[in-house]
2 protein chains.
Amino acid sequence: MPKRRKPAGARGISEKKELLNTFLKEWGLKSTRQRDIIVTEFLKTGGHITAEDIYRKISKKHQDIGFTTVYRTLKLLVKSRLATERVFADNLTRYEPLSAEDHHDHLICLGCGSITEFENARMERLQEKIARESGFNTVAHKMELYGYCGRCGSGSRGGKKQPGTKKNAPAPQKNRNNR
Amino acid sequence: MPKRRKPAGARGISEKKELLNTFLKEWGLKSTRQRDIIVTEFLKTGGHITAEDIYRKISKKHQDIGFTTVYRTLKLLVKSRLATERVFADNLTRYEPLSAEDHHDHLICLGCGSITEFENARMERLQEKIARESGFNTVAHKMELYGYCGRCGSGSRGGKKQPGTKKNAPAPQKNRNNR
DNA sequence: GGAAATTTTGAAAATGAATTTCATTTTCCT
DNA sequence: AGGAAAATGAAATTCATTTTCAAAATTTCC
Ligand SMILES: [Mn+2]
Ligand SMILES: [Mn+2]
Ligand SMILES: [Zn+2]
Ligand SMILES: [Zn+2]
């Protein structure tokens, strides 16, 4: 049986923490208890998670760690290339662990909010081609597909609103406050 | 010479204003001087423009029209399907006129900020295929290519920062406040 | 035309995520 | 240990967006 090479993104948590420490030293930054706790939790949790999410998780065991530090540590991870920021349609900044060579795009379920990742070389090539034909040199792209996952079905709930008559006005369309 | 059919998105401003009036009547809403001015300016300007932009343009001639009304009128245009909201990487909400059948994606220049549109049937099909293979039913997607346009070149300015020594620390990396 | 009903308007306030400030604490180096 | 630099956390700030509310405008109905 041939040895299967680990996918690029699968390096262990301790290796990533090592990389972070290297980064810190290189920039004259300091290792702290808080950073260690936050980074560990972040890498362990994985996924696409907000600073707030991580903060809440950590708060349970460590009431002394503030949101600001979580926020700053996530930014630090981005600078050190161990995480990326993602902003999907809900306009919240999410973070996900990242390995150097890793690239993928996302499918987002409008029903349950689940996020599925995909990679498609053909699409990447097509993007490059399109850009080239418009005289652009791309350095990044954003590709997100929104819809309903298998479990959530076709999303037929919440059909189009109908206009009302004068005496029977349409329900006031209140915006759910979801920033 | 064969008569060239107008592209779908090219219907005239007055036709669009007609559609809006129909929409207003249908929902028991009212026509106002402000709405007319705002919609006219918006349709005339076109492009990918923020509420603030439109407001500033209009203010010059009509100091009595408030930002709130511009904001609400643009939302109204979205509801009536005469405009769409777009949020690119700078996290500002932009509006663009839209015709029913119209769909396109965007190339955004990181140098000059120019926005180029493109349409690519192959990409649309590929997106559907990818979603299907993950069991998703897509209802929308976001596809943006970021890079440098022909005029702005390869974007070689602002290379990666180098770490500094202890006594010669790296310049404090202040975030430009570009929300 | 004119009153009543309903919607619209604009200023100001509220919202909320993201970011900065600042006084204090911690880490790192010798 | 001692001193310099960085990190921390609470609070304040920022800033686009959205809501509130009292006054004004539009539409409907007589
Ligand atoms: Mn991901
Ligand atoms: Mn466009
Ligand atoms: Zn789902
Ligand atoms: Zn450019």
Side-chain angles (χ1 to χ4, degrees), chain A residues 21 23-39 50-56 58-59 62-76 78-79 85 87-88 90-95 163-170 172-179, chain B residues 21 23-39 49-56 58-59 62-76 78 85-88 90-95 163-179:
Chain A
N21 281 330
F23 179 88
L24 292 177
K25 286 225 176 86
E26 201 173 358
W27 288 79
L29 306 179
K30 294 172 179 174
S31 298
T32 66
R33 180 181 64 89
Q34 290 92 329
R35 283 179 174 168
D36 190 64
I37 290 166
I38 294 165
V39 169
T50 65
E52 187 63 34
D53 290 337
I54 290 273
Y55 170 66
R56 271 202 296 269
I58 285 175
S59 285
H62 306 277
Q63 298 90 332
D64 61 317
I65 296 183
F67 170 81
T68 313
T69 303
V70 173
Y71 166 79
R72 282 187 286 222
T73 300
L74 290 170
K75 289 288 193 193
L76 185 65
V78 172
K79 280 204 186 96
E85 271 178 8
V87 181
F88 299 129
D90 64 2
N91 222 40
L92 293 180
T93 301
R94 291 160 194 282
Y95 296 85
T165 65
K166 256 77 56 77
K167 298 289 172 181
N168 178 18
Q173 21 223 327
K174 61 171 54 171
N175 285 338
R176 59 262 180 287
N177 214 11
N178 62 349
R179 286 238 284 158
Chain B
N21 281 330
F23 178 89
L24 292 178
K25 285 223 177 87
E26 201 172 359
W27 287 79
L29 306 179
K30 294 174 179 175
S31 298
T32 65
R33 180 182 63 89
Q34 290 91 328
R35 284 179 174 166
D36 189 65
I37 290 166
I38 294 164
V39 170
I49 197 166
T50 65
E52 186 63 33
D53 289 337
I54 291 272
Y55 169 66
R56 269 203 296 271
I58 285 175
S59 285
H62 307 277
Q63 298 90 331
D64 61 316
I65 296 183
F67 170 81
T68 312
T69 302
V70 173
Y71 166 79
R72 281 188 287 222
T73 301
L74 290 171
K75 289 287 192 195
L76 185 65
V78 172
E85 272 180 5
R86 306 269 188 190
V87 181
F88 299 128
D90 64 1
N91 222 41
L92 294 179
T93 301
R94 289 160 195 281
Y95 297 84
T165 66
K166 254 80 55 75
K167 299 290 173 179
N168 179 16
Q173 18 222 330
K174 62 171 55 172
N175 285 338
R176 59 261 179 287
N177 212 11
N178 61 346
R179 283 236 285 159

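Naming: A, B, ... by sequence-line order, numbering from 1 per chain. Both backbone and side-chain heavy atoms feed into the values below; hydrogens, waters and symmetry mates do not.
For T93(A), the side-chain contact (heavy atoms from CB on, under 4.5 Å) test picks out E85(A), V87(A), Y95(A), with sequence neighbours left out.
The distance from atom CZ of R33(A) to atom C1' of dA6(D) is 16 Å, rounded to the nearest whole Å. Rounding to whole angstrom units, CZ of residue F88(B) and C1' of dA16(D) are separated by 17 Å. If you measure from atom CG of L74(B) to atom C1' of dA16(D), you get 14 Å, rounded to the nearest angstrom. In this structure, L29(A) atom CG and dC29(C) atom P are separated by 11 Å, rounded to whole Å. Computed from coordinates, the F23(A) CZ to dA7(D) P distance equals 11 Å when rounded to whole Å.
Side-chain proximity of R72(A) to the nucleotides dG9(D), dT18(D), dA18(C) is greatest for dG9(D). Distances were taken from every side-chain heavy atom of Y71(A) (C-beta onward) to each of dG10(C), dT8(C), dT20(C); the shortest belongs to dT20(C). Of the candidates dT20(C), dA12(C), dT19(C), the closest approach to any side-chain atom of T68(B) belongs to dA12(C). Proximity note for R35(A) (side chain, C-beta onward) versus dA7(D), dG9(D), dG10(C): the nearest is dA7(D).
Of the possible polar contacts, none joining the T69(B) side chain to the I65(B) backbone as a donor-acceptor pair under 3.5 Å is found. Between the side chain of R56(A) and the backbone N or O of A51(A), no donor-acceptor pair lies under 3.5 Å. Checking side-chain atoms of R35(B) against main-chain N and O of L76(B) turns up no donor-acceptor pair under 3.5 Å.
The side chain of S31(B) contributes no N or O atom lying less than 4.0 Å from OP1 or OP2 of dT26(D). Remark: T69(A) is in phosphate contact with dG9(D), judged by side-chain N or O atoms under 4.0 Å from OP1 or OP2.
For the pair Q34(B)/T73(B), no side-chain contact is recorded, criterion being any heavy-atom separation below 4.5 Å from C-beta on. Counting heavy atoms from C-beta outward, N21(B) and K25(B) have side chains that stay 4.5 Å or more apart. Counting heavy atoms from C-beta outward, V70(B) and E52(B) have side chains that stay 4.5 Å or more apart.
For K30(A) and dA5(D), a side-chain-to-base donor-acceptor distance below 3.5 Å is present, hydrogens and geometry of angles not being considered.
Heavy-atom distances to DNA chain D give each of Y95(B) and Q34(B) a nearest nucleotide, and the one nearer the 5′ end belongs to Y95(B).
T93(A) comes within 4.0 angstrom of the backbone, heavy atoms only, and of no base.
The C1' atoms of five pairs define one axis at each end of the helix from dG1(C)-dC30(D) to dT30(C)-dA1(D), and these two axes lie 30° apart (to 10°).
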